[in-house]
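First comes the structure, then the notes that go with it.
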Amino acid sequence: MCIAPIVLLALSQAVAAPQDATPQRGPALVPPRGTQTSTAPLLASDGEPATPGRIPTDATPEARALWAKVLRAALVPGGGEPVPVHSFDLGFDIEYRRTDGKNHFKARYVFSAKEGWIRCEVVGKDRVQLRGRDGDWLFLEGRWVPLEDRHTREAQRELAEWISIANNFIALTNPKSLRIVRLAKRGVPEATWWPTDEARKRASGLDWIEVASPDFRLFQSVKSGRATPVFVALLGTNRETSAIEQAVLHEDDSGAMVLESTLLVTIEKWTTLDGYRVPLNMLVYNPDLRRSPWVFKARPGADMWLEKGGRLNPELPAETFLPN
């Protein structure tokens, strides 16, 4: 089964800002999967409630066939259907590009879904945030600080964001469980999106499918006042293997793209980890909104490698999530 590339992208976003930089006011918190934000059911494109695994009846046969290929390509050959992911311990090597240069660092995430416990650390930066049996904590400048008052609000926000991301990671390890609002086969995205001829040529050689779902909630909703934001993944798949090679991600605003939330992910290499197919190397591109029409930047904002030694579904002792 595939760990969706947008999931690993979300993990990269959680550490994209260098942790030793001056804290900035962050985005609005993203409620974890299952949070009740509205009493009205979210409707799919056919007017029926969007429920886990249901494909809207107005999806074309071509869209259904391509989606089925994507799901099959997500399985490890000969590996069968793996059990759902309930915990993970993953490390990433990240090069983050800023306007004033580059920042290179390693990050580690440990999560247990049953208890909702998480440990997040930037390796070598003397900074750890965790939620465990004894509450929420931040390790900074050689001491543990409980996250319990207004003076630690920024750290509380970051921890809540990481927990939301981890919950989405768990949910999206099984793409069959997505609440699909819209499923459609698409042509090659707009030629004006691509900053180079090489990128445009690569996109034109893929098959594209659009999957709209609230379960792609891996970054903040840019549009305010929306009870249940819907996010769109426009997936470019290899015509021979059906593996995802590119993904354009954005918030959906009544069918229009919210450019402030738009990202391009290019998956350069895949690997296998504990019976799952996972992206080994991803490049993340931001849009250049200063240009008209807008275009994705020619250089990636983040170059992300999955570190060796990561584990899916490890047994994690409670001590992992204690301030010690």
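Counting begins at 1 with the first residue of the sequence.
Counting only heavy atoms from C-beta outward, the side chains of V110 and L90 never approach each other to under 4.5 Å. A heavy-atom distance below 4.5 Å is not found between the side chains of Q246 and V265. Contact of the S213 side chain with the V230 side chain is not registered, since no non-hydrogen atoms from C-beta on lie closer than 4.5 Å. Residues R72 and K69 are in side-chain contact: their nearest non-hydrogen atoms beyond the backbone lie under 4.5 Å apart. You'll find the side chain of V232 reaches within 4.5 Å of the side chain of R182, heavy atoms only. At least one side-chain heavy atom of I118 sits less than 4.5 Å from a side-chain heavy atom of L159. For the pair L130/C120, no side-chain contact is recorded, criterion being any heavy-atom separation below 4.5 Å from C-beta on. Between L178 and P52 the shortest side-chain heavy-atom distance does not fall below 4.5 Å.
In this structure, R64 does not pair ionically with E62, as no charged nitrogen and carboxylate oxygen lie closer than 4.0 Å. By the 4.0 Å N-to-carboxylate-O rule, R311 lies too far from D274 to be salt-bridged with it.
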Indicate every side-chain donor-acceptor pair of residues 292-309 with a distance under 3.5 Å to a residue at least two apart or in another chain.
unit_1, atom_1, unit_2, atom_2, d
D303, OD1, N281, ND2, 2.9
E307, OE2, K106, NZ, 3.3

Identify every side-chain donor-acceptor pair in residues 134-143 under 3.5 Å, counting partners at least two apart or on other chains, and give the distances.
unit_1, atom_1, unit_2, atom_2, d
D136, OD1, R131, NE, 2.7
D136, OD2, R131, NE, 3.4
D136, OD2, R131, NH2, 2.9
W137, NE1, D134, O, 3.1

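Taking every heavy atom of both residues into account, L206 and R239 meet most closely at O-NH2, 3.2 Å. Of all non-hydrogen atoms in L273 and G310, the two that sit nearest each other are CD1-O, 3.1 Å. The two atoms that bring G275 and V76 nearest to each other are O-CG2, 3.3 Å, heavy atoms only.
For R290, the CZ atom is loosely surrounded, since the number of other residues' heavy atoms within 6.0 Å does not exceed 12. When the shell of 6.0 Å around CZ of R54 is examined, it contains more than 12 heavy atoms from other residues, nucleotides or ligands.
By the ring-ring contact (aromatic ring centres under 6.0 Å, His included) test, W117 is found to be paired with F321, residues two or more places apart in sequence or in another chain being considered.
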The test is side chain to side chain contact (heavy atoms under 4.5 Å, CB included); show your working for D89 and F111 and say whether it passes. CA-CA 7 Å; D89 184 345; F111 182 68; over 6 Å; no
Tell me, with the steps shown, if R202 and E268 meet salt bridge (charged side-chain N to carboxylate O under 4.0 Å, His left out). CA-CA 12 Å; R202 181 173 185 175; E268 297 295 308; 3.1 Å; yes
Side chain to side chain contact (heavy atoms under 4.5 Å, CB included) for I209 and W67? Distances and angles first, verdict last. CA-CA 7 Å; I209 188 167; W67 183 238; 3.8 Å; yes
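Distance alone, capped at 3.5 Å, is enough to place a donor-acceptor pair between the N238 side chain and the T241 backbone. Here the side chain of N313 pairs a donor or acceptor atom with the backbone of H86 at under 3.5 angstrom. A donor-acceptor contact shorter than 3.5 Å is absent between the side chain of R200 and the backbone of T192.
Side chain to side chain, T237 and D207 fail the donor-acceptor criterion of an N or O pair below 3.5 Å.
Under the 6.0 Å distance and 45° angle rule, R186 does not count as a cation-pi partner of W208.
Atoms CG and NE2, on L259 and H250 in that order, are 9.0 Å from each other to the nearest 0.5 Å. For the atom pair CD (Q129) and CG (L147), the distance works out to 6.5 Å, reported to the nearest 0.5 Å. Between atom CG of residue L312 and atom OH of residue Y276 there is a gap of 6.5 Å, rounded to the nearest 0.5 Å.
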